[in-house]
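What follows is one structure encoded as structure tokens, with my remarks underneath.
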Amino acid sequence: MKQRFPLSYLLLPVLLLALLLPAGCGRDAGIQTVRVGVALYQQEDTFISTVAQNLELLAREEELARTIKMNLTLADGRGSQSTQNDQVDRFLAQGCDIICVNIVDRTAAAVIIDKAQAADVPVIFFNREPVMEDLARWEHAYYVGSKAEQAGRLQGGIVKNAWQADAAALDQNGDGVLQYVMLEGEPGHQDALLRTEYSIQTLTQDGIPVEKLANDTANWQRGQASLRMSQWLEEFHGQIDVVFANNDDMALGAIDACLSAGMDTASLPFIVGVDATPPALAAVAEGTLKGTVQNDAAGQAEKILDLIGAFIDGTPVEDAVELEDGKYAWLPYTTVTADNLDAFL
Ligand code: BGC
């Protein structure tokens with residue numbers, strides 16, 4: 001005689017599985033569900049958390065516009081590539097339809113691209129740019145970001161304009177040379193390398209005499225930047241005309257150090273950043289930060305969603321998003337100073 005089980009016994013394993021699967025990549029009955037796994041290199045990074053918030057916001061809008069369910073799962077790599085690789089494995093095992101990767105180590109992209117290709121899942125990198133050879137490994141590997149060189153040129157342009165308008169106002173020791181310190185982002189990050197190079201090149205190519213007093217990495221972080229700056233203030237007392245910071249958090253760290261060393265807004269060096277984060281915009285309004293360059297977090301999130309939309313529709317991605325070399329979706333940077341601040345607040 002056949003053994004008979006009550007229905008609840010049969011459903012138990014299914015219910016258990018549903019509980020074990022994270023919401024983002026589970027299976028939903030009824031309306032179409034799109035599962036998107038988003039791997040972040042470090043969720044507490046100010047700029048990255050802004051991109052992530054924009055992605056979540058836009059995903060909700062997309063759900064309403066398309067009458068679908070979009071399960072967006074965020075994973076924090078906490079600065080470890082092997083943790084992030086495990087997270088990507090999990091996304092793929094759980095049936096994600098698309099993965100978005102803010103890769104920890106730019107040189108490790110090939111591993112992730114090969115995994116995504118084997119699962120036939122499109123992969124959209126953002127903010128931390130893999131090398132072209134890696135992106136070329138697979139048709140459905142893309143990059144959304146902004147050109148670091150442009151940020152460097154625009155940041156240099158803010159300083160150049162100020163120097164050309166009134167060099168004496170910047171030149172703390174009156175020697176006719178622009179002395180600067182450079183607070184750099186993570187070593188090896190395209191934005192750290194290129195912003196550093198092109199900010200200075202923008203000055204030298206116009207014949208402005210510059211002297212580098214010091215440079216060091218502060219890994220994009222406000223606290224580390226404040227420490228470096230405190231040391232430099234002691235070492236180069238009264239000599240620092242300009243502080244170039246590869247991002248706003250580090251620029252704010254430099255301001256923290258100057259203020260705790262007893263300076264006031266009028267006696268601060270000319271400090272510039274990149275990103276246009278809300279606290280940086282507030283500092284521009286106060287006059288402690290002389291300028292920044294908007295890194296378009298909302299625009300980058302929008303492009304990512306446009307690519308996802310094309311995958312959902314099954315239409316050619318080039319019809320939805322303008323791509324360079326079939327791979328790169330670029331967002332422009334924009335200069336922000338006290339003169340045009342209102343447009344960004
Ligand atoms: C941003 C930094 C951020 C970094 C993370 C850069 O584009 O300007 O603020 O820390 O990306 O990868």
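Both ligands and their constituent atoms are indexed starting at 1 by order of listing. Each residue takes its place number in the sequence, starting with 1.
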Is it true that K327 and D134 have a side-chain N and a carboxylate O under 4.0 angstrom from each other?
-> no
Considering the heavy atoms of N247, write down every atom of ligand 1 situated less than 4.0 Å from one of them.
->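 The list of qualifying atoms is 2 (C), 8 (O), 9 (O), 10 (O).
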For N295, the ligand 1 atoms with a heavy-atom partner under 4.0 Å come out as 1 (C), 7 (O), 8 (O)
Would you indicate whether E324, at its atom CD, is surrounded by more than 12 heavy atoms from other residues, nucleotides or ligands within a distance under 6.0 Å?
->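 Enclosed: over 12 neighbouring heavy atoms sit under 6.0 Å from CD of E324.
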Side chain to side chain contact (heavy atoms under 4.5 Å, CB included) with F47: which of N127, N247, D249?
->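 For F47, the side chain to side chain contact (heavy atoms under 4.5 Å, CB included) test succeeds with only one of N127, N247, D249, which is N127.
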Please name the residue in the list L289, V293, L281 that meets the side chain to side chain contact (heavy atoms under 4.5 Å, CB included) test with V336.
-> L281
Could you pull out, from D275, D248, D191, the option with a heavy atom nearest to atom 7 (O) of ligand 1?
->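 Closest candidate by heavy-atom distance is D191.
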Give the residue, atom name and distance (to 0.1 Å) of the protein heavy atom nearest [atom].
atom: atom 10 (O) of ligand 1; answer: D45 OD2, 2.5 Å
atom: atom 4 (C) of ligand 1; answer: W220 CE2, 3.7 Å
atom: atom 5 (C) of ligand 1; answer: N127 OD1, 3.4 Å

Take every heavy atom of Q300, measure it against each atom of ligand 1, and state whether any distance is under 4.0 Å.
->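 Q300 does not count as a contact of ligand 1 under the 4.0 Å cut-off.
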Verify the ring-centre separation between F125 and Y143: is it less than 6.0 angstrom?
-> no
